[in-house]
Amino acid sequence: MLTLLRRYGTLIGCAAILIFFWVSLPDTFMTARNWLNISQQLSMLIVVAAGMTIVMVMGDFDLSVGSMASLAGIVVAVLFTFDIPVWAAVSLALLVGLVGGAINGALISFIGILPFVATLATLTMFSGAAFVVSGGKTISGRAIPEDFSQFSRGGIGLGEWGGVAVSIPNLTLLALAVVVLVWVLLEQTTFGRRLYAIGGNSEAAHLSGVAVRKLKLIAFALTGSTAALAGIMYASRVASANPTQGSSLMLNAIAGVFLGSTLSEHGEPRILYTIVGVLILGVLDNGLTQMSVDSYVRQILVGGIIILAVSASSLTKRLRSR
């Protein structure tokens with residue numbers, strides 16, 4: 001029984017959550033429209049969690065992803081006020097994420113600052129930069145091009161289900177594309193295998209010829225880029241940008257990765273397992289929202305889930321080491 005719970009406890013918990021909300025909300029929860037809505041709501045978190053998986057594979061983490069998402073959203077919105085084309089504004093905002101992530105990587109891999117300290121510092125820096133660039137204001141209205149905001153409202157039509165037109169949102173498709181790219185990177189390339197080697201034993205990886213510092217720099221740069229992409233997606237979805245709109249992404253992304261890692265035999269982060277973890281959080285939030293549960297209660301539950309996930313992961317590693 002203990003072995004069963006250790007291996008499949010997360011999946012059992014996910015199934016229990018689904019059944020609970022299905023029974024409690026029979027008319028609204030288990031519908032195509034609701035699940036497509038969940039996928040769109042989770043698209044930004046999925047992108048950030050995918051990037052977080054890249055650095056957590058190495059045993060590191062990035063606390064600055066939420067602030068970077070906010071900064072990227074502000075950058076793209078401010079550029080729009082100068083009549084910069086959408087493609088150019090988006091490209092520059094992604095470049096900001098790439099540079100910001102590379103700064104994290106350089107601080108950690110070349111200077112030797114602990115990831116917690118380095119990314120906590122850059123979290124504050126990116127957050128302050130978002131306020132400086134925006135002047136502490138929300139950018140919305142005519143400053144946001146119609147083409148940019150319309151992207152998040154579009155999708156690929158699936159026809160009519162139950163007399164209602166249903167389509168897969170563009171944001172969901174974009175998140176899916178990021179997941180596929182990260183899966184290929186981590187699971188099908190030498191780069192990914194070397195990241196896992198660093199996570200297993202950084203010193204042994206270095207002695208075997210792996211360029212640990214360089215790979216860490218690249219990994220954090222990729223994480224910064226995904227955070228910036230999530231911020232741009234968020235700005236498109238709400239047709240506005242403010243300096244704090246990405247603040248909740250960091251905690252939920254880490255929670256999603258930890259939840260997913262409990263599905264791995266050795267407790268390692270895997271991108272497909274990360275998506276399962278994010279889905280659990282999304283379904284929980286969606287169901288509790290439909291049941292009119294206060295948002296503060298949902299935050300308590302997310303914190304409790306993180307504790308349970310970390311405890312389960314630690315217990316699994318301890319039992320396997322015996």
Side-chain angles (χ1 to χ4, degrees), residues 37 39-52 62-104 119-155 169-175 177-178 221-253 285 289 295:
N37 182 51
S39 73
Q40 185 177 39
Q41 291 175 342
L42 289 179
S43 58
M44 286 75 70
L45 179 57
I46 288 173
V47 170
V48 174
M52 187 69 75
D62 188 347
L63 299 179
S64 68
V65 290
S67 295
M68 175 52 71
S70 299
L71 177 58
I74 287 295
V75 168
V76 75
V78 168
L79 290 173
F80 288 149
T81 63
F82 292 98
D83 296 325
I84 302 295
V86 172
W87 68 268
V90 170
S91 298
L92 289 172
L94 289 174
L95 180 61
V96 168
L98 181 68
V99 172
I103 291 174
N104 284 333
T119 58
L120 181 62
T122 54
L123 178 156
T124 307
M125 293 172 59
F126 297 155
S127 179
F131 277 96
V132 170
V133 173
S134 66
K137 301 177 181 179
T138 297
I139 303 172
S140 59
R142 295 182 179 178
I144 308 299
E146 183 67 21
D147 292 344
F148 180 71
S149 59
Q150 191 63 36
F151 173 79
S152 63
R153 300 171 193 157
N170 285 332
L171 293 182
T172 301
L173 295 172
L174 183 55
V178 171
L222 292 174
T223 300
S225 300
T226 57
L229 176 60
I232 295 168
M233 293 166 64
Y234 200 107
S236 174
R237 184 167 184 256
V238 299
S240 65
N242 70 72
T244 61
Q245 66 185 17
S247 58
S248 64
L249 291 173
M250 180 270 291
L251 175 63
N252 289 329
D285 185 71
T289 300
S295 61

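As a basis for the values below, the full set of heavy atoms in this structure was taken, side chains included, without hydrogen atoms, waters or symmetry mates. Values in this document were obtained by computation on a predicted structure and should not be read as measured data.
Here CG of Leu92 is found 8.5 Å from CH2 of Trp87. Values are rounded to the nearest 0.5 Å. Taking CG from Asn170 and CZ from Arg237, the interatomic distance works out to 13.0 Å, rounded to the nearest 0.5 Å. Taken from OG1 in Thr172 to CG in Asn37, the straight-line distance is 9.0 Å, to the nearest 0.5 Å. Atom OG of residue Ser225 and atom CG of residue Leu98 lie 4.0 Å apart, to the nearest 0.5 angstrom. Interatomic distance, CG of Leu171 versus OH of Tyr234, reported as 11.5 Å (0.5 Å rounding).
Pairs passing the salt bridge (Lys or Arg N to Asp or Glu O under 4.0 Å) check and including a residue from residues 141-153, sequence neighbours excluded, read Glu146-Arg153.
For Ser240 against Thr138, the heavy-atom pair with the smallest separation is CB-CG2, 4.2 Å. Across all non-hydrogen atoms, the minimal contact from Gly97 to Ala228 is CA-CB, 3.7 Å. In terms of heavy atoms, Ile144 sits closest to Ala239 at CG1-O, 3.4 Å. Here the closest heavy-atom approach between residue Ser152 and residue Ser149 is recorded as OG-O, 3.0 Å.
Inter-residue side-chain proximity for Leu174 and Leu229 is flagged as met; some heavy-atom pair is nearer than 4.5 Å.
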### Query
Would Leu94 and Ile232 count as a side-chain contact (heavy atoms from CB on, under 4.5 Å) if you check the C-alpha gap in whole Å, the side-chain angles of each, and the deciding distance to 0.1 Å?
CA-CA 8 Å; Leu94 289 174; Ile232 295 168; 3.9 Å; yes
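For the ring pair (Phe, Tyr, Trp, His ring centres under 6.0 Å) test, residues two or more places apart in sequence or in another chain that qualify with Phe80 are Phe148.
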Run the side-chain donor-acceptor check on residues 64-79: report pairs under 3.5 Å with partners two or more places apart or on a different chain.
unit_1 : atom_1 : unit_2 : atom_2 : d
Ser64  : OG     : Asp62  : OD1    : 2.6
Ser64  : OG     : Asn104 : ND2    : 3.0
Ser67  : OG     : Leu123 : O      : 3.1
Ser70  : OG     : Gly66  : O      : 3.3
Ser70  : OG     : Gly246 : N      : 2.9

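Under the 3.5 Å distance criterion, the side-chain polar atoms of Ser127 are left unmatched by any main-chain donor or acceptor of Thr124.
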